[in-house]
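Everything on this sheet refers to the single structure shown next.
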Amino acid sequence: MSCDANRFVTWNVNSLKVRLPHVLRYLDEKRPTLVALQELKCVTEQVPTEPFAERGYQILAFGQPTYNGVALIAPNEWQAQEVHRGIPGFADDAARLLAVEWRIPAQTRPLWTVSAYFPNGQAVGSEKFAYKLRWIEALTAWLAALDPQRQAIFVMGDANIAPEARDAHPSWPEESIHVSSAERAAWAELVAQGFTDAVRICHPEEVLYSWWDYRQGAFRRNIGLRIDHILVSAPLARCVIAAGVDREPRTWQRPSDHAPVWVEWLPPTNMATQSSNSV
DNA sequence: ATGTCGCCTTAAAGGCGA
């Protein structure tokens, strides 16, 4: 890359098989540093590696038949030091989390990246809703143990939660799924461990959505939710230089119902290689 | 509008999940 800025992206692709051409087009056009994917809807063995390798990337995936599935696409030269498939210590039938600690050439500090597909929750008060809250609680506890006040961590994914009122179109029913007080409190507790919402660093008030229902021409009418997020840990908050939502892939033929959410950041000075004249 | 997708199934339309 011609400059030092990193571009990290999270994208719920709603079937990697169907959306592979979109992902490859996105890599070719935007040249992101790292992409976190959700809803692969295929088993790990069906995730292709060649088209990514050709473009200079490796892909680490955690899939299962039919539902869920997450992945991380990263530069070939990055070394995965530690890999977690699922929240450590939390029994879960669903492939919803892939966490990788990277060793990056020319950087002294390791970097954690997490691709997370939070449970949808279906309806407030349902069994799936209770599972959603338990899942978030387990993720929060594990992230806290990673020490986000000190370590460099990106938590990226489809949280299935619109954190604040302006993150949901006014037509979305109050206290329904994705916007309920219980979900927002669980999200706030996770964030409070030491994270900052990257998009809100750059756009504190703007109405930005990342998902629009396939039905009712919701995208054309901009009736959506902001449920896909990138959280940065405390040491990274001041490193964010830009962030936003890429609406363009949502206009492509046969799109995912989600748009990519991205952040650009510069490594903190203590992550960069020591200069030659330093001791 | 129960409005659309994607994936699954004793294959063809229907169920499930989102």
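Every chain is numbered from 1 and lettered A, B, ... according to where its sequence line falls, protein lines coming before strand lines.
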* To do: Go through Ile73(A) and Leu37(A) one step at a time and tell me if the side chain to side chain contact (heavy atoms under 4.5 Å, CB included) criterion holds.
  => CA-CA 8 Å; Ile73(A) 301 168; Leu37(A) 301 178; 3.8 Å; yes
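- Taking the six-membered ring where tryptophan is involved, the planes of Trp252(A) and His22(A) are perpendicular, since the angle between them exceeds 60° and thus also 30°.
- Between the CZ atom of Arg220(A) and the C1' atom of dG3(B) there is a distance of 12 Å, given to the nearest Å.
- Between dC5(B) and Ser15(A), no contact under 4.0 Å exists linking OP1 or OP2 to a side-chain N or O.
- Between Asp158(A) and the choices Val261(A), Thr10(A), Asn14(A), Asp228(A), the side-chain contact (heavy atoms from CB on, under 4.5 Å) rule is met once, by Asp228(A).
- At dG6(B), one or more side-chain N or O atoms of Arg19(A) fall inside 4.0 Å of OP1 or OP2 (strictly under the cut-off).
- Spacing between dC7(B) and dT2(B) at atom P, rounded to whole Å, works out to 25 Å.
- For the P atoms, the distance from dG6(B) to dA11(B) is 23 Å, rounded to whole Å.
- Residue Arg150(A) places its CZ atom among 12 or fewer non-hydrogen atoms of other residues, nucleotides or ligands, all under 6.0 Å distant.
- We find that CG of Leu40(A) is positioned 15 Å from P of dG6(B), with the value rounded to whole Å.
- Ring centers of Phe118(A) and Trp135(A): under 6.0 Å apart, within the cut-off.
- Arg254(A) places its CZ atom 11 Å from the C1' atom of dC7(B), with the value rounded to the nearest Å.
- Under the 6.0 Å distance and 45° angle rule, Arg250(A) counts as a cation-pi partner of Phe219(A).
- Atom CD of Glu127(A) sits in a sparse spot, with 12 or fewer heavy atoms from other residues, nucleotides or ligands closer than 6.0 Å.
- One can place NE2 of His22(A) at 13 Å from P of dC5(B), the figure rounded to the nearest angstrom.
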* Structure fact -> Reading nucleotides 9-18 of chain B from 5' to 3' and marking B where a protein heavy atom lies under 4.0 Å of the base, S where only the sugar-phosphate is that close, and - otherwise, the string is --------SS
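- Comparing Lys17(A) and Asp213(A) along DNA chain B, the residue whose closest nucleotide (by nearest heavy atom) sits nearer the 5' end is Asp213(A).
- Straight-line distance between the P atoms of dG14(B) and dG3(B): roughly 14 Å, to the nearest whole Å.
- Of the P atoms belonging to dT10(B) and dC16(B), the separation is 14 Å, rounded to the nearest Å.
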